[in-house]
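Proteins get letters first, then strands, A, B, ... in listed order; numbering begins at 1 in each. None of the values given here were measured: they were computed from a predicted structure.
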Amino acid sequence: MDPERQGNCMDSSGSAVVTRFAPSPTGYLHVGGARTALYSWLFARKQGGRFLLRIEDTDQKRNTEEAAAAIFEGLRWLDLGWDAEPVYQSQRLDIYNEYFRKLIDAGRAYECFVTPAELEAYRAQAREQKRDFIYKREWARITDAQRQKFIDEGRQPVLRLAMPEQAITVDDRVFGQVTTAAEQLEDFVIRKSDGFPTYHMAVVIDDALMGVTHVIRGQEHLGNTPKHIALQDALGLSRPTYAHLPILLNPDGSKISKRQDNPEMWSKGFPPVRVGDYQRRGYLPEALVNFLALLGWNPGDGRELMTRDELIAAFGPDRIVQSNARFNLEKLDWMNQQYIQGSPPDVLVRRLREFLAGTDYAAARADDAQLAALAPLYRQRARTLAEFAETSGFFFADAVELDPKAVEKVLLADDGAGLAELKRVRDLIASADPFEAVPMEEAFKAHCESLGLKLGKVAQPIRVAISGGTVSPPIFDTLVAIGREKSLARIDAAIEKATHWNDAPAAKDASLPQNAPGDVGP
RNA sequence: GGCCCCGUCGUCUAGCCAGGUCUAGGACACCAGGUUUUCAUCCUGGUAACUCGGGUUCAAAUCCCGACGGGGUCACCA
């Protein structure tokens with residue numbers, strides 16, 4: 001998909017860096033995967049190398065194509081471009097078979113007829129005896145007669161790698177040297193009974209064939225790496241440099257999982273699992289990228305808000321942290337706001353447009369000119385695009401809904417002082433010329449001074465009339481954005497309603513039971 | 001449970017490898033004050049951490065050992 005123009009890696013020797021992101025097609029881009037992809041991408045860009053994609057679909061009966069498309073979409077949203085067509089493992093069976101052949105011919109792999117049920121029984125037994133069940137060569141040697149018998153029974157063998165009896169050390173760029181003792185290494189399955197390679201087999205072959213020089217992946221794979229090294233040795237394939245990343249955790253230290261992926265958990269501060277949900281919740285991709293980059297890595301000089309180019313320039317595996325990181329949504333919110341504040345107006349409008357498309361926010365009805373008028377008013381006030389949409393709704397409403405609490409506090413309190421003031425300044429608005437924020441503010445300040453009032457005494461009643469509540473952007477900017485006619489109409493409506501606020505409440509109240517105990521406050 | 005990894009403010013982290021300059025720095029959040037027409041922004045200040053116990057050393061957040069805590073992994077899933 002729209003491969004980016006390649007970096008300056010074409011001219012160099014054969015040592016150009018190649019990284020890859022290799023998700024299994026789950027149907028969405030996992031936020032942890034996004035960070036892995038980001039680090040791989042940053043490293044490739046920093047080194048002038050290439051960043052590749054591979055879909056690990058050696059298992060699935062699910063819809064690979066659709067599921068992979070969702071992942072591509074997530075990567076595109078984050079603007080993490082890749083440098084060649086993605087590789088699909090399910091289309092490479094011939095290649096894997098070739099390597100299976102080699103292994104068998106070299107005596108490095110053998111058929112195993114033990115069934116999953118039998119294995120499970122052995123494992124259960126081992127657990128009971130508080131032993132490890134580490135599959136060595138137990139069922140490697142069978143006679144031809146036995147083999148024939150198994151086949152006649154309909155058993156489909158798997159292929160296992162004959163592990164050499166020696167410890168294996170991973171030289172990891174993040175965790176250093178990690179050694180696994182020989183006794184811990186088992187003869188793992190490399191070909192499933194359906195003929196497909198296991199993850200271990202496919203990953204080693206594909207990384208080698210794709211020329212991957214640096215494997216950047218989650219720490220959950222650190223324990224698999226000795227297997228991969230053993231396979232590389234057996235196959236005579238090249239060994240990439242490994243860099244394992246610490247795990248991304250929930251605020252409570254638990255692992256981020258799809259099971260928490262719902263609004264209830266979000267309200268408890270759990271981060272969305274799917275990158276698409278960050279988009280839907282009004283985060284800017286550059287903010288997410290910046291935030292993710294800093295979860296487990298830092299430039300070492302205290303910088304936090306960094307452009308993509310700055311991230312690329314500063315990135316390196318040496319400063320990747322070794323401990324797991326908890327996802328702190330509040331900091332993402334802050335960072336997102338920084339990006340909203342820093343976005344050029346036209347970019348912000350475009351982002352709002354994209355965000356609002358297809359939603360039922362009142363703001364979705366706004367045209368670009370209206371959004372452009374509002375953007376400067378909300379860039380200081382919205383941490384996410386969703387907050388913008390939620391708090392700016394009154395601009396687009398046909399009629400404002402007056403918040404009773406606001407009416408009572410601002411308009412009716414003190415014998416209707418606010419209401420009286422609202423009536424008095426109505427004409428100031430009606431006659432404002434030009435109808436612009438600065439001159440209007442001047443006029444109002446003069447008005448207030450002559451009466452010995454603070455501006456707030458005047459601004460709040462207007463705000464309630466215009467927005468329905470006590471919170472809005474600066475009132476004169478708000479009036480201008482809404483327009484003179486609409487503003488006056490809202491003020492008149494508010495005056496009317498407030499004047500009769502306590503008239504005939506019986507009609508309303510009679511039909512309702514008296515306040516139940518435990519009525520909720522604001 | 002076995003094996004592996006990790007352990008500095010509530011959170012993300014700097015510092016650790018090359019021990020003193022660390023009365024441990026920054027950021028988010030929080031608290032207080034200031035600016036202000038509301039909210040917010042912005043500015044100033046503040047609370048807050050080296051998991052614990054041994055050892056090495058003149059000196060340890062930094063080196064070593066142990067305990068405890070957290071995480072990962074133990075599939076014919078990736």
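- The base-pairing partner of rG66(B), taking Watson-Crick or G-U wobble contacts with both distances under 3.5 Å, is rC52(B).
- The listed nucleotides are rC42(B), rC12(B), rG72(B); the one nearest the side chain of Gln338(A) is rC42(B).
- Comparing rU37(B), rA78(B), rG26(B) by their closest approach to the side chain of Lys445(A) singles out rU37(B).
- Of the nucleotides present, rG72(B) is the one that pairs with rC3(B) by Watson-Crick or G-U wobble criteria, both distances under 3.5 Å.
- Side-chain nitrogen and oxygen atoms of Arg123(A) include at least one within less than 4.0 Å of the OP1 or OP2 phosphate oxygen of rA75(B).
- Atom CH2 of Trp334(A) is separated from atom C1' of rG10(B) by 18 Å (rounded to the nearest Å).
- Within 3.5 Å, no donor on the side chain of Lys331(A) pairs with an acceptor on the base of rA29(B), nor the reverse.
- Distances were taken from every side-chain heavy atom of Glu441(A) (C-beta onward) to each of rC76(B), rA78(B), rU37(B); the shortest belongs to rU37(B).
- Checking Gln460(A) against Arg463(A) by side-chain atom types alone, a donor-acceptor pair falls below 3.5 Å.
- Distance from the side chain of Val321(A) is smallest for rA14(B) among the nucleotides rU37(B), rU73(B), rA14(B).
- Arg319(A) comes within 4.0 angstrom of the backbone, heavy atoms only, and of no base.
- A cation-pi arrangement is present between Arg35(A) and Tyr39(A), with the terminal nitrogen or guanidinium carbon under 6.0 Å from the aromatic centre and inside a 45° cone about the axis.
- Across all strands shown, the partner of rC58(B) is rG20(B), judged by Watson-Crick or G-U wobble contacts whose two distances both fall under 3.5 Å.
- Contact check, Arg131(A) against rC74(B): no side-chain N or O comes under 4.0 Å of OP1 or OP2.
- Each of rU73(B), rG2(B), rU41(B) was ranked by its minimum atom distance to the side chain of Gln184(A); first place goes to rG2(B).
- In this structure, His200(A) reaches the bases: a heavy-atom distance under 4.0 Å links it to at least one base atom across the strands shown.
- With a 6.0 Å cutoff to the six-membered ring centre and a 45° limit on the axis angle, Arg191(A) counts as a cation-pi contact of Phe100(A).
- As rounded to whole Å, 14 Å separates atom P of rC5(B) from atom CG of Asp171(A).
- In this structure, the nucleotide among rG10(B), rG1(B), rU38(B) sitting nearest to the side chain of Pro474(A) is rU38(B).
- Residues Gln460(A) and Val158(A) both approach RNA chain B. Their nearest nucleotides, taken by heavy-atom distance, put Gln460(A) toward the 5′ side.
- Under the Watson-Crick or G-U wobble criterion, with both distances below 3.5 Å, rG45(B) is paired with rC31(B).
- Checking rA78(B), rA14(B), rC4(B) against the side-chain heavy atoms of Val178(A) singles out rC4(B) as nearest.
- Here Arg379(A) lies out of heavy-atom contact (under 4.0 Å) with every strand.
- Nearer to the 5' terminus of RNA chain B, by closest-nucleotide assignment, is the contact made by Gly296(A) (compared with the other of Gly296(A) and Lys454(A)).
- Contact annotation for Gly456(A): backbone-only contact, meaning every heavy-atom pair under 4.0 Å involves sugar-phosphate atoms and none involves a base.
- Ile475(A) comes within 4.0 angstrom of a base, heavy atoms only.
- Residue Asp301(A) is classed as having no contact, given no heavy-atom separation below 4.0 Å to the nucleic acid.
- Thr180(A) comes within contact range of no nucleotide atom at all, as no heavy-atom separation falls under 4.0 Å.
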Could you go through residues 288-302 of chain A and list every donor-acceptor pair under 3.5 Å that involves a side-chain atom there, pairing it with any protein atom two or more places apart or in another chain?
residue   : atom : partner   : partner atom : Å
Asn290(A) : OD1  : Met306(A) : N            : 2.9
Asn290(A) : OD1  : Tyr339(A) : OH           : 2.5
Asn290(A) : ND2  : Glu304(A) : O            : 2.8
Trp297(A) : NE1  : Gly316(A) : O            : 3.3
Asn298(A) : OD1  : Gly300(A) : N            : 2.8
Asn298(A) : OD1  : Arg319(A) : NE           : 3.3
Asn298(A) : OD1  : Arg319(A) : NH2          : 3.0
Asp301(A) : OD1  : Arg303(A) : N            : 3.1
Asp301(A) : OD1  : Arg303(A) : NE           : 3.3
Asp301(A) : OD2  : Arg303(A) : NE           : 2.9
Asp301(A) : OD2  : Arg303(A) : NH2          : 3.2

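- For Lys227(A) and rC74(B), the shortest distance from a side-chain N or O to OP1 or OP2 is not below 4.0 Å.
- Counting any heavy atom pair closer than 4.0 Å across all strands shown, Phe444(A) reaches no nucleic acid atom.
- Atom CG in Asp172(A) sits about 13 Å away from atom C1' in rG72(B), given to the nearest Å.
- Taking 4.0 angstrom as the limit, Thr58(A) places a side-chain polar atom (N or O) nearer than this to OP1 or OP2 of rA78(B).
- As rounded to whole Å, 19 Å separates atom P of rG2(B) from atom CG of Leu185(A).
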With side chain to side chain donor-acceptor pair (under 3.5 Å) as the criterion, how do Thr384(A) and Asn336(A) come out once you've worked through the C-alpha distance, each side chain's angles and the decisive distance to 0.1 Å?
CA-CA 6 Å; Thr384(A) 63; Asn336(A) 202 56; 5.4 Å; no
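- Side-chain proximity of Arg381(A) to the nucleotides rA27(B), rA78(B), rA40(B) is greatest for rA40(B).
- Backbone-only contact: Arg160(A) has heavy atoms under 4.0 Å from sugar-phosphate atoms and none from a base.
- The CG atom of Leu231(A) sits 14 Å away from the P atom of rA78(B) (whole-angstrom rounding).
- Within 4.0 Å (heavy atoms only), Gln322(A) reaches sugar-phosphate atoms of the nucleic acid but no base atom.
- Within 4.0 Å (heavy atoms only), Pro473(A) reaches at least one base atom of the nucleic acid.
- When only modelled atom types and interatomic distance are considered, His244(A) and Arg217(A) share a side-chain donor-acceptor pair under 3.5 Å.
- When heavy atoms are screened at a 4.0 angstrom cut-off, Ile462(A) is found touching no nucleic acid atom at all.
- When the nucleotides rC76(B), rC6(B), rU13(B) are ranked by their closest atom to the side chain of Ser323(A), rC6(B) comes out on top.
- As judged by a 4.0 angstrom heavy-atom cut-off over every strand, Val114(A) is placed among the base-contacting residues.
- Considering every non-hydrogen atom in both Ala382(A) and Phe388(A), the closest pair reads CB-N, 3.7 Å.
- Using a 4.0 Å heavy-atom cutoff across all strands shown, Arg326(A) reaches sugar-phosphate atoms only and no base atom.
- In this structure, Gln129(A) places its CD atom 14 Å from C1' of rG1(B), rounding to the nearest Å.
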Go through the steps to decide whether Tyr110(A) and Asp187(A) satisfy the test side chain to side chain donor-acceptor pair (under 3.5 Å), and finish with yes or no.
CA-CA 9 Å; Tyr110(A) 60 89; Asp187(A) 289 353; 2.7 Å; yes
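- Among the nucleotides rG71(B), rC42(B), rC28(B), the one closest to the side chain of Ile247(A) is rG71(B).
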